[in-house]
There are 2 protein chains.
Amino acid sequence: MAPRAASREEAVARLVELFRTHGYDGVSLSRVTAATGLGKGSLFNYFPGGKEEMANAALDHIDGWFETRIFAPLRAVPTASAGLIAMLDGVEAYFHSGRRACLMAVFALESHPNPFSARIGSYFRAWLEAIASAVERDPQASGRAQDFAENMLSAIQGGLLLAIALNEPARFTNTIERLRRDCCAHLAPCPAMASPS
Amino acid sequence: MAPRAASREEAVARLVELFRTHGYDGVSLSRVTAATGLGKGSLFNYFPGGKEEMANAALDHIDGWFETRIFAPLRAVPTASAGLIAMLDGVEAYFHSGRRACLMAVFALESHPNPFSARIGSYFRAWLEAIASAVERDPQASGRAQDFAENMLSAIQGGLLLAIALNEPARFTNTIERLRRDCCAHLAPCPAMASPS
DNA sequence: CGTTGTTTGTACCGATCGGTACAATCCCGG
DNA sequence: CCGGGATTGTACCGATCGGTACAAACAACG
């Protein structure tokens, strides 16, 4: 059932998916060995801190991905609307159009507070600040940047939650599409929409 | 640490809070006995089906509360804006202004799919339909009822998630306040706002 | 080929998991 | 005061939990 993970990085990638769908408590070491094809020997060689280190490695992986692919671009983008729409595209792709849950959200809700609460908070705070920094660059909405960011991130996470809970990925893509329209409606220079369909 | 629960109903109330903050996997029978003051004997007398029946009793409790206090009123209300604002007030109070998580959301994310997926889906679907049925009664927005409902519920759940993840309840109350303004902005007869501040 | 350090499978550990059995206790009608 | 059904604490069950110990297998390099 489990093609053996060839490297620590590949093991981390599988851990991410494992924690994403089963939560921290729902992932047992036997499940990890099954999903990675690695025995306990290798596992504790890669992750001497045990399960908690595995989870932290998974969170590290996500932190890194979002920082370089989502947050940093947002902070550097010249115009808010284009930057935010690019972010929405990236997020839609990352979450497989609503078929994949957000690991940070899973860990945040599963048990709270928990050992990961601090870094989960940092993740969402970084996301909020990245959005706000882009909006502040917008001539029309710079005063409402905090509010705009809070609204947008709430919608993303809520839409994703609904998509998972209902097993209807379209709940997420609909939400993303609404947010795209919001960008065009409330921010200054809206790039031509591809196909309003 | 635990004043003994005097009735099955009181035990269920404590189970709700227990599952809400620790998730299904995070609640062990020893935790249940500690939180309810009930030994295993009483526990399996009240809930012969064991932990799964305890969880279902907790979900029943929430289903009932929302059905009578939120969903049914929404379906019966004459004007959409007044009904939705009453719903927002009720929801804000129920979730303790963002200090309390949504048990349905916790169970939905913790592990998916899981034995409770079907009823979790029913819960969110009922909520969506209740909102939509109210909006359909609105002369201005009746055509966008589905979209309006999806957007509103996403925002509620996302705002709650952010409040929990950041341990900043204001993230939730801000979101609720934004939704109140949305109601006044996009629905026909807006009752006078208390204080636009 | 030999040696040295890393990687790996396996046996094992105490603790805790959800659940059962059952005897003691309680409560209440007669 | 007594008898019988409901309630309850406790001892116990096999399974699984996360984690450790360690020896065999392996790799790299001289």
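Note that the coordinates shown come from a computational prediction; the quantities given were computed from them, not determined experimentally.
A heavy atom lying under 4.0 Å from DNA chain D marks the following residues of residues 16-31 of chain A, by number: A/Val27, A/Ser28, A/Leu29, A/Ser30.
Residues satisfying the side-chain contact (heavy atoms from CB on, under 4.5 Å) criterion with A/Ser30, sequence neighbours excluded, are A/Ser28. Among residues two or more places apart in sequence or in another chain, the side-chain contact (heavy atoms from CB on, under 4.5 Å) test is passed with A/Glu52 by A/Tyr24, A/Asn56, A/Pro115, A/Phe116. Every side-chain contact (heavy atoms from CB on, under 4.5 Å) that B/Leu160 has, sequence neighbours left out, goes to B/Phe95, B/Cys102, B/Phe172. With sequence neighbours excluded, the residues satisfying side-chain contact (heavy atoms from CB on, under 4.5 Å) with B/Ala141 are B/Val135, B/Asp138, B/Arg144, B/Leu187.
Nucleic acid contact class of A/Arg4 (heavy atoms, under 4.0 Å, all strands): sugar-phosphate only.
The 12-atom threshold is not exceeded at CG of B/Asn167, counting heavy atoms of other residues, nucleotides or ligands nearer than 6.0 Å. The neighbour count for B/Arg14 CZ, taken as heavy atoms of other residues, nucleotides or ligands under 6.0 Å away, is above 12.
Residues A/Thr33 and A/Leu38 are not in side-chain contact: their nearest non-hydrogen atoms beyond the backbone lie 4.5 Å or more apart.
Extent of DNA chain D lying under 4.0 Å from chain B heavy atoms, first and last nucleotide in 5' to 3' order, is D/dT7 to D/dT10.
In this structure a side-chain-to-backbone donor-acceptor pair under 3.5 Å is missing from A/His186 to A/Cys183.
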